[in-house]
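The next block holds one structure in the form of structure tokens; read it before the comments.
Computation of the quantities below employed the complete heavy-atom set of this structure, encompassing side-chain atoms and omitting hydrogens, waters and symmetry-equivalent molecules. Computed from a predicted model, the values in this text were never measured in an experiment.
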Amino acid sequence: MDLTRLPFRLAELHAAYARGLTVDAVVVEAHRRLAEAADPGIFLDIVPLEAAQAQAAALPPFDPGRYPLWGIPTAVKDNIAVAGRPMTAACPAFTHVPAEDAEAVARLRAAGALILGKTNLDQFATGLVGVRTPYPVPRNTADPARVPGGSSSGSAVAVARGIVAVALGTDTAGSGRVPAALNGIVGLKPSVGAVSSRGMLPACRSLDCISVFASCVEDAWSAFRAIAGEDRADPFSRPIAWREPAAPPPRVAVPVATDLHLDDAAAQAAWAAARGLLPEAREAGITELLDTAKLLYDGPWIAERAAAFGDFAAAHPGALHPVTQQILDGAARFTAVDAFRGMYRLAEHRRAAEDFFAAFDVLAVPSVPCFPTLAELEADPIGPNARLGTYTNFVNLLDLAALAVPGPARPDGLPAGITLIGPRGSDAALAALGVDFIARAAGAQEGRAA
């Protein structure tokens, strides 16, 4: 079997294992693919080959029914604890070695996954660009002159390069969706609290999610189901009542023209092509939803980042990336009164979201409005980052679920995609629609090729 041609997807890997492929061989192939990528920015820590092979040898007998992620190479963002491996959150001064796995990582292992390494990120998960790291920046898989997206940059690139089949990220403002869009893969951001955040270093603890990257919706869903579930030891874990997918066709909304904020003709063309693949989509105003995002970086929620790592920053002057420090410094301008006023304003936005999703099952938006270059970020570290969050920043604040999926490419060949957004508990419905959308996109591509 030529492993260099084997897609690292659950179905293909499990079929190969059933035919006699060894997990040891897959581990060796994953290391070979990483070496071939020649990108030192993807991982901040690699489980040595011998240790990874020992993980493989310790797996129970092959039983994908009982162990749905059996033998699946997996990576973990480096703000999520993996026992015995260094955890940095992309800040060298923060480096320590956790004694226990994060709950989500423990559930990955229980499902049979192999943890191959810890991935790079925007420091302390603060950013959507993937360049706010003191380590080498992961290279965008479509164009190395473009940003890889963040904050879960390394996780997305590891999946997009086929080094791993699944990777965990985190998502507070879009970190599980933006890098997926910029690298042409799937990013599943679950309902808040559906996956335990115990063992994850928070960014905004009341909003954070552990997210999943994969090359297809089916793999992302399998990994999500393996790690989802209430964790009574995590006070932010919440039980969830799953909503079954709506009878077709779902009621899909897309933004009206005045709520489309796409930066160039290439982004506009990709969105127009994607919209044409959505079943019976209707235009709707989403200004009230988009305005919610102002609370995250222009409002008191920025102070929640100070609650997460402000004490560390104060005790270690000069340890933070300059842009991370600049953002953290902005927390000082908010008071407790501002926080309560922000909560009142958020309650108004959430009521508007409830009304919106009483009329629609799903909101489909462009995943990102722009595709910044590294040069643009060097010239302006803040502006392009803010633009990337246009269609992501509001989602966790409004307690919504989201799924970023690849769609028709831009005319310049860069990846593009859409994000499907629904109310809490709509995760399964979004996955079903995501599978359908990708199939439609593939069919349209085959039609054009013919």
Side-chain angles (χ1 to χ4, degrees), residues 41 77-79 89-90 119-133 137-143 146-157 160 167 169-185 187-189 202-204 207-211 213 261-263 267 290 292-299 301-302 304-305 308 321-324 326-328 330 365-397 402-404 414-419 421:
K77 186 177 179 179
D78 197 29
N79 62 340
T119 54
N120 205 349
L121 65 153
D122 282 313
Q123 189 179 78
F124 290 109
T126 300
L128 291 175
V129 286
V131 305
R132 296 173 179 174
T133 173
V137 173
R139 292 195 292 272
N140 183 283
T141 53
D143 181 356
R146 306 273 177 161
V147 301
S151 61
S152 309
S153 52
S155 289
V157 172
T170 64
D171 191 306
T172 302
S175 297
R177 292 161 279 159
V178 168
L182 298 185
N183 288 278
I185 60 171
L188 188 157
K189 188 221 78 71
C204 291
L207 304 176
D208 294 332
C209 295
I210 288 182
S211 63
F213 295 97
H261 308 288
L262 301 174
D263 281 12
L290 297 178
T292 310
K294 297 174 183 177
L295 295 171
L296 193 60
Y297 287 113
D298 297 327
W301 268 264
I302 195 68
E304 194 169 14
R305 295 187 185 263
H321 187 281
V323 180
T324 310
Q326 178 183 345
I327 292 168
L328 185 64
V365 296
S367 291
V368 293
C370 56
F371 208 131
T373 64
L374 295 172
E376 288 170 339
L377 259 295
E378 186 174 351
D380 178 6
I382 302 296
N385 185 94
R387 292 285 296 149
L388 280 171
T390 300
Y391 295 109
T392 61
N393 285 349
F394 66 89
V395 173
N396 285 5
L397 283 162
L403 179 71
L414 293 174
I418 66 168
T419 294
I421 301 169

_With side chain to side chain contact (heavy atoms under 4.5 Å, CB included) as the criterion, how do Arg177 and Leu188 come out once you've worked through the C-alpha distance, each side chain's angles and the decisive distance to 0.1 Å?_
CA-CA 7 Å; Arg177 292 161 279 159; Leu188 188 157; over 6 Å; no

Kindly indicate whether the side chain of Asp208, heavy atoms from C-beta on, has any atom under 4.5 Å from the side chain of Cys204.
-> yes

For the side chain of Gln123 and the backbone of His321, is there at least one donor-acceptor N/O pair under 3.5 Å apart? yes

Practice problem: Report yes if some heavy atom in the side chain of Pro148 is under 4.5 Å from a heavy atom in the side chain of Val131; otherwise report no. | Solution: yes

In terms of heavy-atom contacts, Ala125 and Lys77 come closest through CB-NZ, 4.0 Å

Q: Taking the side chain as every heavy atom from C-beta outward, state whether Leu295 and Phe394 have any atom pair closer than 4.5 Å.
A: no

Student check: side-chain heavy atoms of Tyr391 and Val368 closer than 4.5 Å = no

**Report entry** Heavy-atom side-chain contact between Leu128 and Ser175 under 4.5 Å
**Finding:** yes

* To do: For Tyr297 and Ile327, indicate whether the former's side chain and the latter's backbone hold a donor-acceptor pair under 3.5 Å.
  => no

All heavy atoms of Ile185 vs all of Ala156, minimum pair found to be CD1-O, 3.5 Å

| query | Ignoring hydrogens and geometry, is there a side-chain-to-backbone donor-acceptor pair from Thr119 to Gly154 under 3.5 Å? | reply | no

To the nearest 0.5 Å, atom CG of Leu414 lies from atom CG of Leu182 at 9.0 Å

Exam field: side chain Arg132 to backbone Leu121, donor-acceptor pair closer than 3.5 Å: no

Close side-chain approach of Val129 and Leu388, heavy atoms under 4.5 Å
yes

- prompt: Under 3.5 Å, side chain of Asn183 to main-chain N/O of Val157, donor-acceptor pair present?
  reply: no

*Between Asn79 and Thr170, is any pair of side-chain heavy atoms under 4.5 Å apart?*
yes

Within the side chain of Glu376, is there an N or O that forms a donor-acceptor pair under 3.5 Å with the backbone of Thr373? yes

Would you check, one step at a time, whether the test side chain to side chain contact (heavy atoms under 4.5 Å, CB included) holds for Phe371 with Asn140?
CA-CA 11 Å; Phe371 208 131; Asn140 183 283; 3.6 Å; yes

To the nearest 0.5 Å, atom CG of Leu296 lies from atom CD of Glu304 at 9.0 Å

Rounded to the nearest 0.5 Å, the OG atom of Ser153 sits from the CZ atom of Arg139 at a distance of 13.0 Å

Practice prompt. Kindly indicate whether the side chain of Asp78, heavy atoms from C-beta on, has any atom under 4.5 Å from the side chain of Asn120.
Written response: no

What one should report as the nearest heavy-atom pair of Ile302 and Gly330 is CG2-O, 4.1 Å

When Thr172, Thr419, Asn396, Asp171 are each screened for side-chain hydrogen bond (donor to acceptor under 3.5 Å, both in side chains) with Lys189, the one that passes is Asn396

Minimal heavy-atom distance between Ser152 and Gly176, with the atoms involved, is OG-N, 4.5 Å

Open item on the list: Checking Thr126 against Arg305: is there a side-chain donor and acceptor pair closer than 3.5 Å?
Closed with: yes

Here the pair of heavy atoms bringing Thr292 nearest to Leu397 is O-CD1, 3.5 Å

Scanning both residues in full, the closest heavy-atom pair of Ala267 with Pro369 reads CB-O, 4.0 Å

